[in-house]
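Hydrogens, waters and symmetry mates play no part in the numbers below; they use all other heavy atoms, side chains included.
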Amino acid sequence: MKTQTAEKTKEVANKVERITGAEAVIKSLIAEGVDILYGYPGGAIMPVYDELYKFQDQIHHVLTRHEQGAAHAAQGYARISGKVGVAMATSGPGATNLITGIADAQIDSTPLVCITGQVASHLLGSDAFQETDIVGISTPVTKWNCQVTNAADIPAALAKAFYIAKSGRPGPVLVDITKNAQVTELDFKYEKCTGVRSYKPVPKTDPEAVKAAAELINNAKKPMIVWGQGVILGEAEAELKAVIEKSGVPAAWTILGASALPTSHPLNVGMVGMHGNYAPNKLTNECDVLIAIGMRFDDRVTGNLATYAKQAKVIHFDIDPAEIDKNVKTDVAVLGNSKESLAMLVDALKENSHEAWLQEFKDLYKIEFEKVIKNDLEPTKEGLTMGEVLKQINMESKGQAAIVSDVGQHQMIACRYADFNVTKSNITSGGLGTMGFALPAAIGAKMAAPEREVVAIIGDGGYQMNIQELGTIFQTKAAVKIVVLNNEFLGMVRQWQQLFFDKRYASTEMTNPNFVAIAEGYYIKAKRVTKREELADAVKEMMASKESYFLEVCVEKEDNVFPMIPTGASVSDVRLS
């Protein structure tokens, strides 16, 4: 019986069909297990959409209200599911509107496959209607891209696209398909890609490098771990926890690494970076061994490289050889998938604890609590703070919700104060810093994980960049919870203007519309909070809702986010006010 089943499966896999290129696109997606596709139709991609109409029972297409929204929704889907997100658009402006999302996915290592329609081959280079060289435009912000002009090449191109997007260090790919390739026929047979010549996505981990790393850690007096998103992408959360607990090393995180280890873990010492916690930033320049795991030493983490961790031996675990020594000189580099390399490290580590060293983190935390955290979470001023909104959300979510934040002050507050007790819970635009990311990304996240509570934390500026995606929420009934923290400013820019430009608030004050009325116009339940005594009940009502919900919270207009490392300063110069 088993032999007959195997033979039947092989027969199906080897079956050749005579179909159009457009149908080949859809059948290729089905073969890759794609269940949701985000996009916006147009002339050059219309044949594919016509075929998609026939396969509605196998692939759910989500019509976003803008192609940028499609790219961000696909990102949100990918980030919470670990799968490849898929977005589709027409040629010309449809394709170029994807670019911001593609660039965001590239710098944040998010696996996307973007499919664009293109004018017919004989029109290429003629400045035809809605013709744009999307391959040329997207080359700097994709992991790989290609243009398909022959229907017979479609299956192999898409198979390669999915393989490259997900393998090794993930990233976005783009496949541009001319209209003639969509409408002509081919003998279709789909074979998944399992390798590409000269492309080695996962370096083999060197046991000697792991041994050298373990020796440094075992002999360290003041070791410190900084982990990033590479732990989550490598599904190495359990291995990270084992390393931390066996070695007793205090561990901090980058914003994209948040949630790999529960917030409440006793060795989780907080966030590093420009608005990170006081202790891990200060003590970066006092540790004797710095262990970087799946992070890229971004400038927002390191501050002035000339003064960054110069006293420390640096161990760098990463899957991408290009990141080694790119910004920070490494003493021991361990290449490979984090799950494999950290498992090897655990075996080589000695049981240890660093109580006196850990106490230094605790002492600095007390200083930060008194000067910053207490004022954010337990304010005595009349106006509401962003921090107390996050505190109320934590009380209702118990740290189980996925927090999707936009970019700005609210993003830093969300990363600092949200409780993350489940992995893949902090979805934000890290490297590119894309305002307008959160609303569509929250849609994709909710669709990928309908059983999870998804809360979008957005500023009044970024919210209006993709506010049209409320239409997508209304049409799809995605039960996203939307919280807009309204300070009537482009808050982060205003903070810099206050601190470094003598309070010249040039073009940062916002005159906002009636956000509640707009949400209600999309038939989304909405509420506005202006007073502290209204906040708890409003958050409770929002979190209890089985449908989408919009909550506007009017917060202090000129509150600042601290701690803060000024641009170009050392991490030791982190300011508390």
Side-chain angles (χ1 to χ4, degrees), residues 5-63 67 70 74 83-92 94-95 98 112-124 128 130-131 134-135 144-166 173-196:
T5 303
E7 287 177 356
K8 191 171 183 180
T9 302
K10 187 176 179 181
E11 182 184 331
V12 170
N14 292 329
K15 186 179 179 183
V16 175
E17 301 176 86
R18 189 73 181 172
I19 61 175
T20 66
E23 187 176 351
V25 171
I26 303 305
K27 290 196 170 182
S28 297
L29 296 179
I30 292 170
E32 289 291 344
V34 175
D35 55 354
I36 297 179
L37 168 66
Y38 301 90
Y40 204 98
I45 197 69
M46 207 175 296
V48 175
Y49 268 90
D50 187 55
E51 291 298 332
L52 183 60
Y53 182 82
K54 303 171 188 176
F55 290 88
Q56 294 177 67
D57 59 333
Q58 295 183 63
I59 296 184
H60 175 50
H61 178 266
V62 178
L63 174 64
E67 292 89 353
K83 299 177 182 178
V84 177
V86 183
M88 189 159 69
T90 192
S91 62
L98 290 173
L112 292 189
V113 168
C114 295
I115 299 167
T116 54
Q118 184 56 274
V119 300
S121 298
H122 71 280
L123 293 174
L124 290 172
Q130 291 193 333
E131 181 197 359
I134 195 61
V135 171
W144 177 74
N145 66 14
C146 72
Q147 185 175 79
V148 179
T149 59
N150 187 329
D153 297 330
I154 288 174
L158 287 173
K160 186 175 179 181
F162 276 90
Y163 174 72
I164 291 175
K166 190 70 172 71
V173 301
L174 182 140
V175 179
D176 189 48
I177 308 174
T178 59
K179 198 165 185 178
N180 61 290
Q182 297 172 44
V183 298
T184 54
E185 291 187 339
L186 71 151
D187 291 328
F188 177 78
K189 176 185 171 186
Y190 195 79
E191 295 180 0
K192 285 195 176 186
C193 181
T194 57
V196 176

Run the numbers on E131 and L124 for side-chain contact (heavy atoms from CB on, under 4.5 Å), then give the verdict.
CA-CA 7 Å; E131 181 197 359; L124 290 172; 4.2 Å; yes
Closest approach of E185 to A151 (non-hydrogen atoms, all atoms of both residues)
O-CB, 4.2 Å
On a heavy-atom basis, the closest approach of I154 and V25 is CG2-CG2, 3.8 Å
Under the side chain to side chain contact (heavy atoms under 4.5 Å, CB included) test, which residues partner A156, sequence neighbours left out?
none
Could you tabulate the donor-acceptor pairs under 3.5 Å formed by side-chain atoms of residues 54-62, not counting sequence neighbours?
{"residue": "K54", "atom": "NZ", "partner": "E51", "partner atom": "OE2", "Å": "3.2"}
{"residue": "Q56", "atom": "NE2", "partner": "Y53", "partner atom": "O", "Å": "2.8"}
{"residue": "H61", "atom": "NE2", "partner": "Y49", "partner atom": "OH", "Å": "2.8"}

Nearest heavy atoms of T184 and A181, plus distance in Å:
OG1-O, 3.8 Å
When every non-hydrogen atom of N145 is compared with those of V135, the smallest separation belongs to ND2-O, 3.0 Å
Quiz: residues 32-48 side-chain donor-acceptor pairs under 3.5 angstrom, not counting sequence neighbours:
{"residue": "E32", "atom": "OE2", "partner": "Y190", "partner atom": "OH", "Å": "2.6"}
{"residue": "D35", "atom": "OD1", "partner": "Y77", "partner atom": "OH", "Å": "2.6"}

Test log, rule side-chain contact (heavy atoms from CB on, under 4.5 Å), inputs I164 and K160:
CA-CA 6 Å; I164 291 175; K160 186 175 179 181; 3.7 Å; yes
So F188 and S28, do their side chains get closer than 4.5 Å, heavy atoms only?
yes
Please examine the side chains of T178 and V119, heavy atoms only from C-beta on, and report whether any two atoms are closer than 4.5 Å.
no
Of I115, D153, D176, L158, which is the lone residue that meets side chain to side chain contact (heavy atoms under 4.5 Å, CB included) with V148?
D153
Correct closest heavy-atom pair for T116 and A95 would be CG2-CB, 3.8 Å
What's the shortest heavy-atom distance between L186 and A24, and which atoms?
CD2-CB, 3.9 Å
